[in-house]
Amino acid sequence: MTDSYWVDPGRSVTVPLDEPPRVLSLGVGVHGTTGPVDVFRLPDLWQLHLYRYTAELLVDGAVHVIRPGRVSLVPPGAEVRFRYRGRSEHLYVHLRLPGTGPSVTLPVVQDVGALTPAVSELLLRAIAAAPRSPRQAEAEVWSALWRLAELAEPAGRESRPHASFAAAVAYIESHLAGQLAVPEVARAAGVSHNHLLRLFRAETGGTVVAYIRRRRMARARHLLRESTLSIPAVAAAVGVEDLQAFNKACRRELGASPRAVRAGG
């Protein structure tokens with residue numbers, strides 16, 4: 001039943017996140033009070049756990065050490081075997097993932113590290129919201145899953161380049177209205193200028209400047225078509241205050257003048 005989820009049986013899973021989850025149960029799970037071992041399956045549900053204790057977890061025979069700050073995401077039908085060291089508490093969510101679009105690959109168990117407080121807060125907010133607003137609870141869980149997806153590294157890649165590229169993109173996205181310079185982006189990402197250029201070449205096939213230009217013009221197209229902001233205001237909102245330069249950028253990236261883009265061209 002779980003074959004379609006496994007990338008590496010017991011260790012990695014493919015997770016569809018293009019639609020919000022359907023949460024069936026969530027809360028604080030307490031285990032290890034009646035015995036040191038639990039063995040069970042959830043035939044039709046995913047199970048997400050954020051741990052507050054140290055124990056051993058077997059997922060379809062694959063052994064994982066769990067400790068505070070680690071998260072597990074187990075697909076439907078997989079057998080889990082917990083070996084506790086006494087009373088053990090974790091945050092849990094039992095859910096369905098109805099998405100059918102592109103999937104992301106996540107480890108069955110991963111260390112959340114510095115993101116532990118943020119993920120914990122999302123799950124606690126979901127637990128608090130569930131009785132009065134199930135859809136809000138599902139939104140919080142969906143956000144937590146995306147945080148885990150961003151944390152996970154693609155197979156065969158070192159974590160540092162991936163994290164540095166993400167940091168660079170985050171900086172660019174939050175500064176599109178300003179005067180972005182490649183050295184500033186490199187400093188924000190914590191890498192050298194040359195290393196940043198290599199990262200963008202590997203990730204996007206182009207340069208940092210080309211990426212910035214594409215993102216600015218994508219935002220400009222949205223503002224031109226969906227708002228009544230003046231063209232000078234749109235140009236300023238995407239960090240291009242010179243109208244002649246903005247016109248040229250629109251023609252190069254969007255294939256039409258700002259007026260034509262606004263008119264639906």
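Throughout, numbering of the chain's residues begins at 1 and tracks the sequence. Just so it is clear, the values below take in all heavy atoms, side chains as well, and ignore hydrogens, waters and symmetry mates.
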* Check against side-chain contact (heavy atoms from CB on, under 4.5 Å), Ser72 and Tyr51 -> CA-CA 8 Å; Ser72 66; Tyr51 296 102; 2.6 Å; yes
* Under the side-chain contact (heavy atoms from CB on, under 4.5 Å) criterion, do Arg70 and Tyr53 qualify, and how do the steps go? -> CA-CA 9 Å; Arg70 289 195 172 180; Tyr53 56 85; over 6 Å; no
* To do: Evaluate side-chain contact (heavy atoms from CB on, under 4.5 Å) for Arg213 paired with Arg252, printing each intermediate quantity in order.
  => CA-CA 10 Å; Arg213 184 170 60 242; Arg252 181 172 57 246; 3.1 Å; yes
* **From CA spacing to verdict: side-chain contact (heavy atoms from CB on, under 4.5 Å), Val209, Phe200** => CA-CA 10 Å; Val209 171; Phe200 270 77; over 6 Å; no
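In terms of heavy atoms, Pro75 sits closest to Trp46 at CA-CE3, 3.5 Å. The two residues Ala129 and Ala137 come nearest to each other via the heavy atoms CB-N, 4.1 Å. Ala55 and Arg83 make their closest contact through CB-O, 3.2 Å (heavy atoms, listed as atom of the first residue, atom of the second, distance). Counting all heavy atoms, side chain and backbone alike, Ala149 lies closest to Leu106 at CA-CD2, 3.4 Å. Residues Ala237 and Ala177 come closest through the heavy atom pair O-CB, 3.3 Å. Of all heavy-atom pairs between Ile172 and Val208, the closest is CD1-CG1, 4.3 Å.
Remark: Arg201 CZ to Leu197 CG distance equals 8.5 Å, nearest 0.5 Å. Rounded to the nearest 0.5 Å, atoms CG (Leu57) and CZ (Arg67) are 13.0 Å apart. Atom CG of Leu196 and atom CZ of Phe165 lie 9.0 Å apart (nearest 0.5 Å). In this structure, CD in Glu89 is found 12.0 Å from CG in Leu50, a value given to the nearest 0.5 Å. The structure places NZ of Lys248 at 12.5 Å from CG of Leu243, a figure rounded to the nearest 0.5 Å. Taken from CZ in Arg41 to CG in Asp60, the straight-line distance is 6.0 Å, to the nearest 0.5 Å.
Using modelled atom types, no side-chain atom of Arg225 and backbone atom of Ala263 make a donor-acceptor pair closer than 3.5 Å. Not one N or O on the side chain of Arg81 forms a donor-acceptor pair closer than 3.5 Å with the backbone of Leu58. Judged by distance alone, the side chain of Arg87 and the main-chain N or O of Thr33 form no donor-acceptor pair under 3.5 Å. Checking side-chain atoms of Arg262 against main-chain N and O of Leu224 turns up a donor-acceptor pair under 3.5 Å. Proximity of a side-chain donor or acceptor of Ser12 to a complementary backbone N or O of Asp8 within less than 3.5 Å is not detected. Here the side chain of Ser88 pairs a donor or acceptor atom with the backbone of Gly86 at under 3.5 angstrom. Listed for the Arg221 side chain is no donor-acceptor partner under 3.5 Å among the backbone atoms of Val261. Judged by distance alone, with hydrogens and angles left aside, the side-chain atoms of His175 form a donor-acceptor pair with the main-chain N or O of Tyr171 at under 3.5 Å. Although no hydrogens or angles enter the test, the distance criterion places a donor-acceptor pair under 3.5 Å between the side chain of Asp18 and the main chain of Gly101. Here the side chain of Ser174 pairs a donor or acceptor atom with the backbone of Ala170 at under 3.5 angstrom.
The shortest side-chain heavy-atom distance between Val28 and Tyr92 does not fall under the 4.5 Å cut-off. Considering only heavy atoms from C-beta on, Glu79 comes within 4.5 Å of Val39 through its side chain. The closest side-chain heavy-atom distance from Leu122 to Trp142 is not below 4.5 Å. Looking at Leu45 and Leu24, their side chains come closer than 4.5 Å, going by heavy atoms from C-beta outward. At a threshold of 4.5 Å between non-hydrogen side-chain atoms, the residues Leu48 and Leu145 count as touching. Proximity of Ser103 to Leu17: side-chain heavy atoms (C-beta onward) are nowhere separated by under 4.5 Å. Within the 4.5 Å cutoff, the side chain of Arg259 has heavy atoms near those of the Ile231 side chain. A 4.5 Å side-chain heavy-atom check between Val182 and His193 finds at least one atom pair inside the cut-off.
Just one of Leu91, Leu124, Leu95, Val93 meets the side-chain contact (heavy atoms from CB on, under 4.5 Å) condition when paired with Leu26; it is Val93.
Residue Tyr5 is grouped with residue Trp146 when hydrophobic side chains (ILVMFWY) are merged at heavy-atom distances under 4.5 angstrom, including chains of intermediate members. Hydrophobic clustering (ILVMFWY, side-chain heavy atoms < 4.5 Å, transitive): Val63 and Phe40 are in distinct clusters. By the rule that hydrophobic residues join a cluster once side-chain heavy atoms approach within less than 4.5 Å of another member, Leu229 and Leu254 end up as members of one cluster.
For residues 55-85, the ring-ring contact (aromatic ring centres under 6.0 Å, His included) pairs, not counting sequence neighbours, are His31-Tyr84, His49-Phe82, Phe82-Tyr84.
Within 6.0 Å of the CD atom in Glu241, the count of heavy atoms belonging to other residues, nucleotides or ligands does not exceed 12. By the 6.0 Å contact criterion, CZ on Arg214 is enclosed, its count of non-hydrogen atoms from other residues, nucleotides or ligands being greater than 12.
Under 3.5 Å, the side chains of Arg198 and Asn194 contain no donor-acceptor pair of N or O atoms.
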